[in-house]
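Because only heavy atoms are used, hydrogens play no part in the values below, and waters and symmetry mates are left out as well, while side chains stay in. Proteins get letters first, then strands, A, B, ... in listed order; numbering begins at 1 in each.
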Number of protein chains: 2
Amino acid sequence: MPRRVDHDERRRQIADALVRTAARRGLHATGMREVAAEAGVSLRLVQYYFGTKEELLLGGMQYLAVQFGERAMARIRQSRQGGGPAIPRDVLSAILTQALPADDERRTFTLLSTAYLALSLTDPALAISPLVRNSNAVSDVLAAQLRAAQADGDMPADLNPDLEAVSLMTMSAGLGTSVLAGHSSLEQAQAVIDYHLRRLFPHVGQHDSGRP
Amino acid sequence: MPRRVDHDERRRQIADALVRTAARRGLHATGMREVAAEAGVSLRLVQYYFGTKEELLLGGMQYLAVQFGERAMARIRQSRQGGGPAIPRDVLSAILTQALPADDERRTFTLLSTAYLALSLTDPALAISPLVRNSNAVSDVLAAQLRAAQADGDMPADLNPDLEAVSLMTMSAGLGTSVLAGHSSLEQAQAVIDYHLRRLFPHVGQHDSGRP
DNA sequence: GCTATTACGGTACGAGCGTACCATGAAAGG
DNA sequence: CCTTTCATGGTACGCTCGTACCGTAATAGC
């Protein structure tokens with residue numbers, strides 16, 4: 001057999017090119033030729049690693065989700081000073097803050113999340129199921145953290161963890177797009193998140209609200 | 001001069017066709033030919049009333065905004081029983097509930113709002129300014145109602161009207177898309193809204209949470 | 001009654017898209 | 001060594017899109 005190439009690596013390279021191009025010119029307006037040019041490969045190669053355009057778009061979506069997870073994990077790992085596990089409030093803050101377009105990477109994530117969602121709503125080819133699965137997973141994590149906080153007595157017992165989790169995730173996603181659209185500033189969005197975190201954790205001193 | 005035609009009426013007719021088609025097949029995938037066919041007119045006529053595609057898209061956006069305003073106004077007018085003005089809580093409920101995809105009309109509105117927002121983020125031609133202006137106007141109305149409620153003693157004085165207004169609007173928009181994406185059910189979304197309305201108005205009896 | 005203008009139909013053009021097809025170095029397996 | 005398989009390049013096809021161009025029935029103003 002001839003020289004072997006790491007297919008996953010190549011797919012990541014091309015998916016990254018897709019993300020960069022789509023963030024600049026729009027997801028729907030991004031063609032396979034443009035992705036190929038951005039990745040520095042030939043059109044044929046994009047076809048080779050992602051047979052069809054639909055597959056390419058799905059690949060880009062998955063690539064984004066993986067990136068998001070990795071960044072959130074890094075933030076959580078960083079927030080737990082000393083040896084103990086991270087406290088619920090910091091976990092929530094880390095996850096919610098990832099959805100705000102504070103730097104170019106997160107801006108791209110927020111922007112493309114919106115674009116993918118919009119496409120999924122009408123294009124049956126881009127199934128929304130992976131998107132839904134991802135979101136439900138995040139929401140479950142949030143709810144679990146809220147319940148843990150209630151068990152620790154850090155969060156009022158009369159609040160509903162599930163409803164608050166859905167609210168927070170929805171609000172966080174909405175705030176991200178809101179900032180992108182220019183409806184509110186990044187500081188305002190962060191203030192809204194902090195406001196609700198203070199409401200949920202009235203007695204936990206905030207030592208960090210999301211800046212690196 | 002030859003027979004005069006009501007241009008506004010024709011533009012409304014075509015914009016409505018655009019909205020219907022875009023809700024079905026996606027905004028980006030909707031072409032001028034398809035809009036023409038849906039409206040029962042020729043392609044040439046769409047060109048005649050909206051010179052270019054960009055203008056057509058902008059026209060559709062404005063059409064949506066007008067529809068939204070009219071529906072919200074109708075709900076508010078309907079909610080004030082007796083002769084007095086509507087109470088802040090009902091006004092808020094009416095506006096927030098309009099963003100939930102409870103029927104086909106509202107579903108179309110939510111869906112296309114997301115699509116327009118996504119397009120605006122990368123397409124400089126579709127200026128986000130009108131979209132921003134609309135949202136800011138709604139947000140201002142919400143904040144004013146919250147302040148009025150505080151003045152009446154119906155809302156705790158320690159809550160921040162502006163932050164709460166932004167939160168509510170963002171959350172309401174986010175919930176709408178969340179329902180469309182299948183992240184949560186309509187009932188869940190309504191529950192989240194009611195939950196926050198109860199939090200803001202602890203002493204106002206809810207007589208109606210949005211069903212017609 | 002002529003004329004200028006309005007409201008519309010049909011159609012062709014150039015560009016760009018996704019996809020399919022054909023060719024070819026290069027290296028692993030026998 | 002020779003063959004098979006992998007990774008890649010190039011290119012042409014068919015389609016659809018937005019736009020521009022040409023034509024024309026009908027009517028209001030002079």
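Remark: Arg71(B) engages Glu105(B) in a salt bridge (Lys or Arg N to Asp or Glu O under 4.0 Å) (not counting sequence neighbours). Residues satisfying the side chain to side chain contact (heavy atoms under 4.5 Å, CB included) test with Thr21(A), not counting sequence neighbours, are Arg24(A), Thr30(A), Glu34(A), Glu38(A).
DNA chain C lies under 4.0 Å from at least one heavy atom of each of the following residues of residues 47-55 of chain A: Gln47(A), Thr52(A), Lys53(A). DNA chain C lies under 4.0 Å from at least one heavy atom of each of the following residues of residues 9-41 of chain B: Arg10(B). For the contact set between residues 114-121 of chain B and DNA chain D, defined by any heavy atom under 4.0 Å, there are no members.
Here His7(A) does not reach the OP1 or OP2 of dC6(D): none of its side-chain N or O atoms lies under 4.0 Å away.
The list of salt bridge (charged side-chain N to carboxylate O under 4.0 Å, His left out) pairs with a residue in residues 42-58 of chain B, not counting sequence neighbours, is empty.
dT24(C) atom C1' lies 12 Å from atom CZ of Arg44(A), rounded to whole Å. For Asp123(A) and dG18(C), the CG to C1' distance is 14 Å, given to the nearest whole Å. Computed from coordinates, the Leu43(B) CG to dA7(C) P distance equals 18 Å when rounded to whole Å.
Counted by atom type alone, Asn160(B) and Tyr195(A) present zero donor-acceptor pairs between their side chains at under 3.5 Å. Judged by distance alone, the side chains of Ser178(B) and Ser184(B) do bring a donor and an acceptor atom under 3.5 Å apart.
Once rounded to the nearest 0.5 Å, the distance linking OG of Ser167(A) with CG of Leu159(A) reads 10.5 Å.
A perpendicular orientation is assigned to the rings of His196(B) and His196(A), their planes being inclined by more than 60° (bins at 30° and 60°). The aromatic rings of Phe68(A) and Phe109(A) sit parallel to each other, their planes meeting at less than 30°, with 60° as the upper class boundary.
One finds no salt bridge joining Asp194(B) and Arg198(B) here, because no Lys/Arg side-chain nitrogen approaches an Asp/Glu carboxylate oxygen to under 4.0 Å.
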